[in-house]
S.K.: 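First, the structure itself, so that you have it in front of you.
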Amino acid sequence: MILNSTQLAMLKVSSLQSLYMVSVSSLLTSLFGIPLGIMVVITRNGHILENKFLYRVLGFIINATRSIPFPIFIVFVIPLTRLVVGTAIGPTAVIVPLTLAAIVFMARLTETSLLEVPSGIIEAAQSIGASRWQIVWHVLLPEARPGLIMSVTITVITLISYSAMAGAVGGGGLGDLAIRYGYQRYQTDIMWVTVILLLLLVQGIQILGDRLVKKYSRR
Amino acid sequence: MALIEVKGLAKVFQVDGQMVEALAGIDLAIEEGEIFGVIGLSGAGKSTFIRCLNRLETPSSGTVLVGGRDLSTLAREELRGFRRNMGMIFQSFNLLSSRTVAGNVAFSLEVAGKGRAAAKARVAELLEMVGLSDKAGAYPAQLSGGQKQRVGIARALALSPKILLCDEATSSLDPQTTSSILALIGDLKSRLGLTVVLITHEMKVITEICDRVAVLESGRLVETGRVIDVFSSPGHPTSKKFVESVHPSFDQLLRGSFRPKGRLVRIFYVGETVTEPLVYTLVKRFDVEPNILQAHLDVISNQTSGTLLIDLAGQSGAIDAALGFIRTSNVSFEVLN
Ligand SMILES: Nc1ncnc2c1ncn2[C@@H]1O[C@H](COP(=O)(O)OP(=O)(O)OP(=O)(O)O)[C@@H](O)[C@H]1O
Ligand SMILES: [Mg+2]
């Protein structure tokens, strides 16, 4: 084995930190990002909850957030992070900027998926007297399911890479490890192992996502 | 009172600051139990019209009364309940791709808050009714167009509505499947006592099942009447074009090398008169030579009717006498030259 026991222990801690950051932020992102995407779609012109004002406001917030590069965004939201978590350093603190940035990303992907649902299907639901809530829950979401699964997959993978970036500014996790030991202390073997671990993680999630998409595709 | 009354219905769309007048003052009454057809070319405003009937579209002005209720007075919740009295089927079927056939039909019942057990029995009954019991577990992507429309019909009728709205329901189907779907609609109409409003751009659909027809052109009704009347003597150039789409027009025939020897007479028979040997009588009683150029038998609104085009040759006196005889018999006719 090329790694000694201290290195292994560090790898283990860092991996768990990465998993923790990615899984919690993925969960929170889906929880808020998908509803935000739904709101953007249904407040559109001619949609079931048409509302020009809300549509513009949401669109502006999403675009503004997405236009800030992630490392700058982390610093930018530090006051909020301190308020929510109590500190701006460590894996838990990193979850705040990670989630906020990913929510708007997820919202845009959700929007794209939902817009692919043909308007005729929504009209058919209206013609049998479905309510707006029923249309969202029984028509938009199930019809867009494959696209939504793909969106979640892409978001989780993005979160993995963002979390590695966040590591570099004191968040911990595999990214942090790779930079501190692999780059700054020339322990290239650690760098290699972290890269391989990240690669496996991304591949695994992509395969899982593809399987689920295939399972739910009915068109 | 008519089941559906439309008064001064108008709809203007704003597209990039441009006003598009889709409907320009439609007055119409649709009686309970009839199959009412609306025919028009693409862009005439047919879809806009039928969507105003269940308020998928909000009219710019005018009123729509259904069973005496003015739809514009209904609040959102009331409108949802009201729509359950009116089923609708579509050209593109609009089925939920994520649900099975049974799931699509059950959707109507779920929306109305029916319990699962009751819904299950009703779905089976509906699928039986449209002849799709064996496809209950299939997904829409696995069905043919005709089968998809049958699912659409089952879904539309799940809540036992009184009215069925059909927006070009057969326009994406081949002629045979079209006939089978129309036959199903006609059959369900009599069995369930439905009133059907059907829009189409095909005259054949109108003649196959409609009782009355309205011809729509650029948002205006140019003719309304019993199908058989409009078919036998269309009162507007557009109506005439539609009638001619079923049988080639005489103008079209004359474009060939054919030149008539005498007077071209088009005779239209309905019902009983179909069985009268008119041409035989002409030959026997008058000194004329009727040459049959074209003959059709059609079934329009369940009545047999015939169209006959003859070239009536002979002395002018004999021809006049023959025309006089045709005038006194029980057919409508037209001299084309
Ligand atoms: N939502 C809309 N926004 C803007 N214009 C519209 C809208 N819906 C219809 N129109 C316009 O109104 C007119 C009538 O359209 P409509 O869809 O009712 O025609 P149609 O007779 O159903 O045609 P088709 O046979 O092609 O379906 C057209 O000029 C169309 O462009
Ligand atoms: Mg149309």
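Below, read A as the first sequence line, B as the second, and so on, with proteins coming before strands; counting in each chain starts at 1. All figures in this text were calculated on a predicted structure; none of them were measured in a lab.
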S.K.: Determine whether B:Arg99 and A:His138 make a side-chain contact, defined as any pair of heavy atoms from C-beta on separated by less than 4.5 Å.
M.R.: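 Answer yes - side chains close enough.
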S.K.: Taking side chain as everything from C-beta outward and backbone as N, CA, C, O, which of these in B:Phe93 sits under 4.5 Å from a heavy atom of chain A? Side chain, backbone, both or neither.
M.R.: neither
S.K.: Indicate yes or no for a side-chain donor-acceptor contact from B:Arg80 to the backbone of A:Gly129 under 3.5 Å, with no hydrogens or angles considered.
M.R.: yes
S.K.: Heavy-atom distances under 4.5 Å only: say whether B:Leu95 touches chain A with side chain, backbone, both or neither.
M.R.: backbone
S.K.: Which heavy atom in B:Ser98 sits nearest to a heavy atom in A:Arg218, and how many Å separate them?
M.R.: CA-CG, 4.2 Å
S.K.: Run the side chain to side chain contact (heavy atoms under 4.5 Å, CB included) test on A:Gln126 and B:Arg55 for me, step by step, so that the C-alpha distance in whole Å, both residues' side-chain angles and the decisive distance to 0.1 Å come before the verdict.
M.R.: CA-CA 10 Å; A:Gln126 286 174 319; B:Arg55 231 181 167 70; over 6 Å; no
S.K.: B:Leu56 versus chain A, heavy atoms under 4.5 Å apart: side chain, backbone, both or neither?
M.R.: side chain
S.K.: Please answer whether the main-chain N or O of A:Gly120 pairs with a side-chain N or O of B:Asn94 as donor and acceptor at a distance below 3.5 Å.
M.R.: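 Looks like yes, one N/O pair under 3.5 Å.
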S.K.: Do other residues, nucleotides or ligands put more than 12 heavy atoms under 6.0 Å from A:Phe32 CZ?
M.R.: no
S.K.: Tell me, yes or no, whether the heavy-atom count around B:Gln14 atom CD, taken from other residues, nucleotides or ligands under 6.0 Å, exceeds 12.
M.R.: yes
S.K.: I'd like to know which of A:Pro118, A:Ser131, A:Pro142 tops the heavy-atom pair count under 4.5 Å against chain B.
M.R.: A:Ser131
S.K.: Are there more than 12 heavy atoms of other residues, nucleotides or ligands under 6.0 Å from atom CZ of A:Phe76?
M.R.: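 No, not enclosed.
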S.K.: Any side-chain heavy atom of A:Glu143 sitting closer than 4.5 Å to one from B:Ser97?
M.R.: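 Yes - at least one pair of side-chain heavy atoms lies under 4.5 Å apart.
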S.K.: Which one, B:Arg51, B:Gln142, B:Met88, B:Arg76, leads in non-hydrogen pairs under 4.5 Å with chain A?
M.R.: B:Arg76
S.K.: Which heavy atom of B:Leu159 sits nearest a heavy atom of A:Ile128, and at what distance?
M.R.: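 Heavy-atom minimum between the residues: CD1-O, 4.2 Å.
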S.K.: Out of B:Gln91, B:Arg83, B:Glu110, B:Arg155, which one racks up the most heavy-atom pairs below 4.5 Å with chain A?
M.R.: B:Arg83
S.K.: Select one option (side chain, backbone, both, neither) describing which atoms of B:Ser92 are under 4.5 Å from chain A's heavy atoms.
M.R.: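 Neither part.
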